[in-house]
Amino acid sequence: MARFTPLEQRIDEWAHRRLDRVRDGGPQHPHGSGRVQPQRLRTWAIEFTVFVLKQAWACVFGGALLAVLVLTRLWYPESAALARNDFLVLAALAIQVLMVVFKLETLRELRVIILFHIVGTVMEIFKTDAGSWTYEGDGVLHIFGVPLYSGFMYAAVGSYMVRVFRLFELRFDRYPRRWITAILATLIYVNFFSHHFIVDARWFLFAAIAVVWWRTVMHVRVSRARFRMPILVSFVLVAIFIWIAENVATWSNAWVYPNQSEGWELVSIAKLGSWLLLMIVSVVLVTWVEKPQPPEAIAENATAQS
C-alpha cells in the first residue's frame, strides 16, 4: 500500500527539498555559534509547517463538512425546494466521492470510514429516541428521524483517525494487546446505550483506559523530525479538538442539546468525557485495520527509502 496519496507525496517532497537546502546551506560551527542556531530554527520551522499541513489535511473531510454546516446555517434559503437537511446529506456524500475520485483518500481509509458511519448512525438513532439531543428541520433523507448526514459526522472522526495514523507514521511503545482494547471499546460502546437504563459506568471506563494505556508512548514522524508523547495525552488533546468542533456544529444547528432548545449556548465541558470515550472506540477500530507497530519500524522504513 502506498504511504501517501499524490498530494501528500508533494507535501513530503517539498519538505525534504527545503530540509536539504537548510542542511547544505553552509558550514556549521561548534558550540552553538555561527550558522547552527539559524539552521536549527529553519529546520524546526519547516517541520512545524509540515506538521500543520498534515494535521489540516487529516481534518479535510471533517473541515469541509463543518464548513458546509456553517455556510448553510448562514445563507441557506428557508424557501428552498430541497430541505437543508437533505442538502447536507448530498453535500457530505459529494465530498466523500470527490475525495476518492481525486485520490485524496485511499480505498482502505474509505472502508474504515464506512464502518464509522454505521457505528455512529446506530448510536444516533438510539440517542435521539432517548432524548439526548434532537435534529431540527425537514427532509426525506433520514432514518427513524435521524438525518443521514449525522453518520458522516462520525465518519469525519474516523477519517481523521485513520489518516493521521498513516500521515504521521504512528508507532507505539508498549501498546496493549488488541484483544484487551477491543473488550474495553465494546464496553464503552455498550455503556453509551446502557447508562440510560442502569448505572453509568463511565468512571470505571475512564479508570480502565488509564490502566490499559498508561505505559503506552506514541512516536510521531513529521517529515524527518520525530517526537513522542504519552498516548493518553493525545487522547485528551483530540477530545478537546472535537469538543471545539462540536460547539461550531451545534451553533450551526446540526443538532441541538436540550439546554440549547431556547437558544444556543456553549456545549457542556462534561461532553469532553463522552468524546474521550468515543476516541477510544475510534482508536480501536483503526488499530484493527492498521496494526500498531513498534518505533523500530520507523527506522526500518527510513533506511529503505534512503
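Computed from a predicted model, the values in this text were never measured in an experiment. Atoms considered below: every heavy atom in the structure, side chains included; atoms not considered: hydrogens, waters and symmetry mates.
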Asker: By the definition side chain to side chain donor-acceptor pair (under 3.5 Å), identify the one residue from Trp264, Trp133, Trp255 that meets it with Thr250.
Answerer: Trp264
Asker: Are Phe241 and Leu237 in one and the same hydrophobic cluster, where Ile, Leu, Val, Met, Phe, Trp and Tyr link if side-chain heavy atoms are under 4.5 Å apart?
Answerer: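 Different clusters.
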Asker: Cationic tip of Lys54 within the cone over Phe168's six-membered ring, i.e. under 6.0 Å and within 45° of the normal?
Answerer: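 Output yes; distance and angle both within limits.
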Asker: Are there over 12 heavy-atom neighbours, none belonging to Phe126, within less than 6.0 Å of that residue's CZ?
Answerer: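 Atom CZ in Phe126 is packed in, count exceeds 12.
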Asker: Looking at every non-hydrogen atom in both residues, tell me the closest pair between Gly62 and Ala156 and how far apart they are.
Answerer: CA-CB, 3.6 Å
Asker: Hey, mind stepping through Phe172 and Gln293 against side chain to side chain contact (heavy atoms under 4.5 Å, CB included) and telling me if it holds?
Answerer: CA-CA 6 Å; Phe172 306 90; Gln293 299 291 334; over 6 Å; no
Asker: I'd like to know if the side chain of Ser150 and the backbone of Val146 have a donor-acceptor N/O pair within less than 3.5 Å.
Answerer: no
Asker: Quick one: does Tyr160's side chain get under 4.5 Å of Val238's, heavy atoms only?
Answerer: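 A side-chain contact under 4.5 Å exists here.
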Asker: Any side-chain to backbone donor/acceptor pair from Arg221 onto Ser223? Under 3.5 Å, distance only.
Answerer: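 Yes, the answer is positive, given that a donor and an acceptor are paired below the 3.5 Å cut-off.
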Asker: Output, in order, the C-alpha distance, side-chain angles, deciding distance and verdict of side chain to side chain contact (heavy atoms under 4.5 Å, CB included) for Ile242 and Val157.
Answerer: CA-CA 8 Å; Ile242 297 175; Val157 177; 4.2 Å; yes
Asker: Between His196 and Ser132, is there a side-chain heavy-atom distance shorter than 4.5 Å?
Answerer: yes
Asker: As a test of understanding, state which of Leu110, Val101, Leu65 forms a side-chain contact (heavy atoms from CB on, under 4.5 Å) with Gln96.
Answerer: Leu110
Asker: So, using side chain to side chain donor-acceptor pair (under 3.5 Å) as the criterion, who are the partners of Trp57 when residues are at least two apart?
Answerer: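 If we apply the side chain to side chain donor-acceptor pair (under 3.5 Å) test to Trp57, skipping adjacent residues, the hits are Glu8.
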Asker: Hydrophobic clustering (ILVMFWY, side-chain heavy atoms < 4.5 Å, transitive) - are Trp179 and Val211 grouped together?
Answerer: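 No, separate clusters.
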Asker: Roughly how far, to the nearest 0.5 Å, is the CG atom of Leu167 from the CZ atom of Phe51?
Answerer: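 Spacing of CZ (Phe51) from CG (Leu167) equals 11.5 Å.
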Asker: Scan the side chains in residues 266-288 for donor-acceptor partners under 3.5 Å anywhere in the protein, sequence neighbours excluded, and list what turns up.
Answerer:
from, atom 1, to, atom 2, distance (Å)
Ser268, OG, Ala270, N, 3.1
Ser274, OG, Arg202, NH1, 3.4
Trp275, NE1, Glu246, OE1, 2.9
Ser282, OG, Leu278, O, 2.9
Thr287, OG1, Val283, O, 3.1
Thr287, OG1, Val284, O, 3.0

Asker: Looking at Ala225 and Glu47, what are the two nearest heavy atoms and their distance?
Answerer: N-OE2, 2.9 Å
Asker: Would you kindly confirm whether Phe116 and Val190 end up in one hydrophobic cluster when ILVMFWY residues are joined by side chain heavy atoms under 4.5 Å apart?
Answerer: no
Asker: On a heavy-atom basis, which atom in Pro258 and which in Gly131 lie closest, and how many Å separate them?
Answerer: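 Closest heavy-atom pair between Pro258 and Gly131: CG-O, 3.8 Å.
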Asker: Examine distances only and state if a side-chain atom of Arg84 and a backbone atom of Glu78 form a donor-acceptor pair shorter than 3.5 Å.
Answerer: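 Answer holds: no.
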Asker: Given side chain to side chain contact (heavy atoms under 4.5 Å, CB included), test Thr134 with Thr128 step by step and report yes or no.
Answerer: CA-CA 6 Å; Thr134 58; Thr128 53; over 6 Å; no
Asker: Any side-chain heavy atom of Val122 within less than 4.5 Å of one from Tyr189?
Answerer: yes
Asker: Find the distance between CD1 (Ile143) and CD1 (Ile125) and round it off to the nearest 0.5 Å.
Answerer: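 Here the interatomic distance stands at 4.0 Å.
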Asker: Is there a donor-acceptor pair under 3.5 Å between the side chain of Glu169 and the backbone N or O of Arg166?
Answerer: no
Asker: Hey, is CZ on Arg215 packed in by over 12 heavy atoms from elsewhere, all under 6.0 Å?
Answerer: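 At most 12 heavy atoms, drawn from other residues, nucleotides or ligands, come within 6.0 Å of this atom.
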Asker: Would you say His16 and Asp12 make side-chain contact, with heavy atoms under 4.5 Å?
Answerer: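 A side-chain contact under 4.5 Å exists here.
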Asker: Out of curiosity, Met229 CE to Ser234 OG, how far, rounded to the nearest 0.5 Å?
Answerer: 5.5 Å
Asker: Is there a path of hydrophobic side-chain contacts, each under 4.5 Å between heavy atoms, that joins Trp44 and Leu19?
Answerer: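 No, it is not one cluster - the side chains of Trp44 and Leu19 are not joined through contacts under 4.5 Å.
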Asker: So do the side chains of Glu265 and Asn259 get within less than 4.5 Å of each other, counting heavy atoms only?
Answerer: yes
Asker: Once rounded to the nearest 0.5 Å, what's the spacing between atom NE2 of His219 and atom CZ of Arg171?
Answerer: 11.0 Å
Asker: Using side-chain heavy atoms (C-beta onward) and a distance below 4.5 Å, is Phe87 in contact with Val68?
Answerer: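 With C-beta onward as the side chain, the pair touches.
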Asker: Report the relative orientation of the aromatic rings in Tyr149 and Tyr135; use parallel for angles under 30°, tilted for 30 to 60°, perpendicular for over 60°.
Answerer: perpendicular
Asker: Report the C-alpha distance between Phe193 and Phe197 in whole Å, list the side-chain angles of each, state the deciding distance to 0.1 Å, and finish with yes or no for ring-ring contact (aromatic ring centres under 6.0 Å, His included).
Answerer: CA-CA 8 Å; Phe193 300 86; Phe197 310 105; 9.2 Å; no
Asker: Where do Leu170 and Val164 come nearest, in terms of heavy atoms and distance?
Answerer: CG-O, 3.8 Å
Asker: Could you tell me whether Asp20 and Arg224 have a side-chain N and a carboxylate O separated by less than 4.0 Å?
Answerer: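 A salt bridge links Asp20 with Arg224.
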Asker: Would you find a donor on one side and an acceptor on the other, under 3.5 Å apart, between the side chain of Lys127 and the backbone of Phe192?
Answerer: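 Confirmed, Lys127 side chain pairs with Phe192 backbone.
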Asker: If we count only N and O atoms by modelled type, under 3.5 Å, do the side chains of Tyr154 and Glu124 hold a donor and an acceptor together?
Answerer: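 Yes.
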Asker: Minimum heavy-atom separation for Ala245 to Leu66, with atom names?
Answerer: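 Closest pair (atom of Ala245, atom of Leu66, distance): O-CD1, 3.9 Å.
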Asker: If hydrophobic clusters are built from ILVMFWY residues whose side chains come within less than 4.5 Å, do Val236 and Ile209 share one?
Answerer: yes
Asker: Are the side chain of Asp86 and the backbone of Leu141 linked by a donor-acceptor contact shorter than 3.5 Å?
Answerer: yes
Asker: Going by the angle between their ring planes, with limits at 30° and 60°, are Phe235 and Trp213 parallel, tilted or perpendicular?
Answerer: perpendicular
Asker: Establish, from distance only, whether the side-chain atoms of Arg174 and Thr216 form a donor-acceptor pair under 3.5 Å.
Answerer: no
Asker: Under a 3.5 Å cutoff, is there a donor and acceptor pairing between the side chains of Asn85 and His142?
Answerer: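 No, because no side-chain N or O of Asn85 sits under 3.5 Å from a partner of the opposite role on His142.
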Asker: Counting only heavy atoms not in Phe227, do more than 12 sit closer than 6.0 Å to its CZ atom?
Answerer: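 Above 12, so yes.
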Asker: Is there a side chain to side chain contact (heavy atoms under 4.5 Å, CB included) between Leu115 and Arg111? Walk through the geometry before answering.
Answerer: CA-CA 6 Å; Leu115 179 59; Arg111 290 196 293 269; over 6 Å; no
Asker: Roughly how far apart are Leu98 CG and Phe61 CZ, rounded to 0.5 Å?
Answerer: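 Rounded to the nearest 0.5 Å, the CG-CZ separation comes to 11.0 Å.
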Asker: What's the spacing between Leu90 CG and Leu82 CG if we round to 0.5 Å?
Answerer: 6.0 Å
Asker: Does the side chain of Pro295 come within less than 4.5 Å of Asp173's, by heavy atoms?
Answerer: yes
Asker: On a heavy-atom basis, which atom in Gly158 and which in Ile113 lie closest, and how many Å separate them?
Answerer: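 Closest heavy-atom pair between Gly158 and Ile113: C-CG1, 4.4 Å.
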Asker: Should Thr49 and Trp14 count as side-chain neighbours, where that means a heavy-atom distance under 4.5 Å?
Answerer: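 They are in side-chain contact.
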